[in-house]
Structure formats: structure tokens, C-alpha cells
J.: 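The structure that follows is given in the form of C-alpha cells.
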Amino acid sequence: VFEVEATADHQRYALKRLKVGERLHVQAKRIWGELSQLGNPGLLLPTGWRIGEEQSDEIFFPLIRTCDAHDFVQALGPAVAFSLLVQGTLALSALHRTGLCHRDIKPENLLVEETASEKAWLRCRLLLADLELAGPPGSQESESRISGSIVYLAPETLNTFTHTFASDMFALGMWAYWAISGDEPLKAATALESIGRTCEFTALPPVGRIDSRFAGGMWDELLRFLT
């Protein structure tokens, strides 16, 4: 992703250039069109795209000055964590209402931007990105490949090679746990070991043991509900 300036309006945008040989699918344009009708501010939608004849296809997005969600929560505490989780849930629910699963919830696709508000719970804005990767529940890329980051995949996704609304929410819960603790419980030294942890997953460790501001049970119950 690159930062560029448009010659027409001199505004700066984020440019996503697809890999060589990779083309912008008609399905992605249809998804963007449907989501734009929702008017949900938590969905990051493109401002335009350019189909290259000899070069790679390019997609233009609003420029977001992102910050690290974990660093942000560490600095401002539970109020910001709760705000981010609510915003992520609302954005994901809006996507689900269109009949689509995101299929790749992870820190890189949950963009956090600091605002100018003095109130802690309004100090951040969360945007759900990479919406062109979305697909209906039960869909899969192939019989031998599944989209998503290995440490955010739900156990049932690994078993069936398909995504559901519930597996999206599982990944959101894992992301929230990381944003609070800085830890990714399913991450191991190798991909195979991570798969093993996922298959054996039962519940997240109490987050209050890592950060005492989140002790007391409410956060553990909330994260357990999501995962």
C-alpha cells in the first residue's frame, strides 16, 4: 500500500496495487457497491480503482493515519478497548447483514485511527478493511486452501475449510484479546504448532492476569462469548 496524491484534487489517498497477474474481480466491485448503500462509517470502502492493461490493477482508498491498537489500549485503558470492540462488532455485523463473511479478521484489517476527542472512549475510530475478500458463509477458496491468518482462524474453520459469521466473531475476539494483552494465544513457533493450538483451543486465558485494569471477570466473559 502506497500514499499518493491525486492530480485532480491534490488530495492524498492510499493506493493498493494488486500483485502482478492478479486482477480486480467483478465480485469485489459488487461487494463495494452493496456495502456503500449501508452508510456504515466503520467500513473502509474505496474511492475508486484503475484497471491496468500492462500494469497491475490499482485501488484507491481514503488515507488513514493508523496507530497500533495494543499501544493505544495500553495508554488509555478499558474505555478505549471497549470502544474499539463495539466499533468492530458494529462494522462486522453490518457486513454480516449483507450475507457476507469477512474471512480475514486480523490486526492488519482492523485499522485504528486516533481522533481529536478529549473523551477516552471517543479517542479512536476503527475501520474494517479488505472487504473485497468477503464471501458468503460456507465459501472457500479451494479444497486445499483457506483464507485468513492462521492465529485468528476458528477451530471449526480449520476442520471444514469454510468460514461462517461465528468464525468472524471468533477472530474479532482474538483480536480484542491481542489489543488488550499484546498476546496471540494461538501463535506458536511454526504454522503446524499454531494449527495444533487452534484445534485444541477451549478458552482464552484470563486477560486480567496480564493487565490488572481488565481484571474482575467482565472482560473474560465478554471475550469468552466471542470466542
Side-chain angles (χ1 to χ4, degrees), residues 40-43 64-97 101-129 148-158 163-189 193-227:
N40 189 299
L43 303 176
I64 306 298
R65 302 292 185 185
T66 61
C67 57
D68 185 277
H70 173 59
D71 291 344
F72 209 57
V73 171
Q74 284 294 292
L76 296 175
V80 163
F82 187 74
S83 176
L84 288 174
L85 184 55
V86 169
Q87 292 181 63
T89 301
L90 291 175
L92 199 51
S93 296
L95 179 65
H96 289 172
R97 284 197 299 272
C101 298
H102 187 280
R103 307 195 299 182
D104 195 17
I105 298 294
K106 58 184 179 182
E108 293 83 355
N109 289 335
L110 289 165
L111 308 182
V112 177
E113 181 180 39
E114 186 173 2
T115 70
S117 176
E118 296 182 358
K119 297 181 179 179
W121 61 90
L122 297 176
R123 284 283 299 278
C124 58
R125 181 168 73 118
L126 183 142
L127 292 162
L128 183 59
S149 175
I150 188 66
V151 297
Y152 290 89
L153 291 178
E156 62 268 24
T157 299
L158 287 180
H163 289 272
T164 64
F165 298 145
S167 62
D168 271 354
M169 299 309 291
F170 176 92
L172 181 65
M174 285 295 178
W175 171 84
Y177 190 89
W178 163 80
I180 293 170
S181 68
D183 185 31
E184 293 173 314
L186 302 182
K187 188 174 184 178
E193 289 174 339
S194 292
I195 291 173
R197 287 190 181 185
T198 301
C199 292
E200 296 172 358
F201 176 81
T202 55
L204 287 167
V207 72
R209 294 180 182 176
I210 300 174
D211 189 331
S212 60
R213 294 175 297 175
F214 294 87
M218 184 200 80
W219 280 97
D220 292 330
E221 290 298 325
L222 185 58
L223 295 173
R224 187 176 295 115
F225 174 77
L226 288 171
T227 57

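Keep in mind it's a predicted model, so treat the numbers as computed, not measured. Atom set for the values below is all heavy atoms of this structure, side chains included, hydrogens, waters and symmetry mates excluded.
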J.: Does the plane of the ring in W219 sit parallel, tilted or perpendicular to the ring in F214? Use 30° and 60° as the thresholds.
T.: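 It falls in the perpendicular class, over 60°.
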J.: Quick one: closest heavy-atom pair of V73 and R213, and the distance?
T.: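 Taking every non-hydrogen atom into account, O-NH2, 3.7 Å.
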J.: Could you tell me whether F82 atom CZ has more than 12 heavy atoms of other residues or ligands within 6.0 Å of it?
T.: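 No, not enclosed.
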J.: Under 3.5 Å, side chain of S167 to main-chain N/O of H163, donor-acceptor pair present?
T.: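 Absent.
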J.: If you apply the rule side-chain contact (heavy atoms from CB on, under 4.5 Å), what do you find for L204 with D220, and how did you get there?
T.: CA-CA 8 Å; L204 287 167; D220 292 330; over 6 Å; no
J.: Can you check side-chain contact (heavy atoms from CB on, under 4.5 Å) on C67 and V112, steps first, answer last?
T.: CA-CA 6 Å; C67 57; V112 177; 3.7 Å; yes
J.: Counting C-beta onward and ignoring hydrogens, is there a side-chain heavy-atom pair between L158 and I150 closer than 4.5 Å?
T.: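 Of all side-chain heavy-atom pairs linking I150 with L158, at least one is under 4.5 Å.
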J.: For the atom pair CZ (F165) and CG (L95), what is the distance rounded to the nearest 0.5 Å?
T.: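 Here the rounded value is 8.0 Å.
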J.: Please test N109 against K106 for side-chain contact (heavy atoms from CB on, under 4.5 Å), starting from the C-alpha separation and ending with a verdict.
T.: CA-CA 5 Å; N109 289 335; K106 58 184 179 182; 3.6 Å; yes
J.: Looking at L127 and P41, what are the two nearest heavy atoms and their distance?
T.: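 Shortest heavy-atom separation between L127 and P41 comes out as CD2-O, 3.0 Å.
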J.: Are side-chain heavy atoms of W175 and L84 found at a separation under 4.5 Å?
T.: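 Yes, at least one pair of side-chain atoms sits under 4.5 Å.
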J.: What heavy-atom pair brings S181 and H70 nearest, and what distance separates the two atoms?
T.: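 Taking S181 first and H70 second, the nearest heavy atoms are C-CE1, 3.4 Å.
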J.: Any side-chain heavy-atom pair from Y177 and L223 closer than 4.5 angstrom?
T.: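 Yes, their side chains come closer than 4.5 Å.
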J.: For residues M174 and V151, determine if any side-chain heavy atom of one lies less than 4.5 Å from a side-chain heavy atom of the other.
T.: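 No, every pair of side-chain atoms sits at 4.5 Å or beyond.
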J.: Which pair of heavy atoms, one from L153 and one from F170, lies closest together, and at what distance?
T.: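 For L153 and F170, the tightest heavy-atom pair comes out as O-CE2, 3.4 Å.
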J.: Would you confirm whether Q87, through its side chain, and L126, through its main-chain N or O, come within 3.5 Å as a donor-acceptor pair?
T.: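 Such a contact is found between Q87 side chain and L126 backbone.
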J.: Write down the atom of H96, the atom of D168, and the distance for their closest heavy-atom approach.
T.: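 Looking at all heavy atoms of both residues, the shortest contact is NE2-OD2, 2.9 Å.
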J.: Could you state the interatomic distance from OG1 (T198) to NZ (K187), rounded to the nearest 0.5 Å?
T.: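 Answer rounded to 0.5 Å: 13.0 Å.
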J.: Looking at side-chain heavy atoms only, is the closest gap between R224 and E221 below 4.5 Å?
T.: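 Yes, at least one pair of side-chain atoms sits under 4.5 Å.
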J.: Is any side-chain heavy atom of N40 closer than 4.5 Å to one of L128?
T.: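 SC-SC contact between L128 and N40 ruled out.
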J.: Going from CZ on R103 to OG on S149, what distance comes out if it is rounded to the nearest 0.5 angstrom?
T.: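 Output value for this atom pair is 15.0 Å.
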J.: Can you give me the closest heavy-atom contact between F201 and T227, atom names plus distance?
T.: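 That closest heavy-atom pairing would be CE2-O, 3.8 Å.
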J.: So, do I210 and I180 sit near enough that their side-chain heavy atoms are less than 4.5 Å apart?
T.: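 No, their side chains stay 4.5 Å or more apart.
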J.: Let me know which of R65, R125, R123 forms a salt bridge (Lys or Arg N to Asp or Glu O under 4.0 Å) with E114.
T.: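 Of the listed residues R65, R125, R123, the salt bridge (Lys or Arg N to Asp or Glu O under 4.0 Å) partner of E114 is R123.
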J.: Kindly indicate whether the side chain of F225, heavy atoms from C-beta on, has any atom under 4.5 Å from the side chain of M169.
T.: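 No - every pair of side-chain heavy atoms lies 4.5 Å or more apart.
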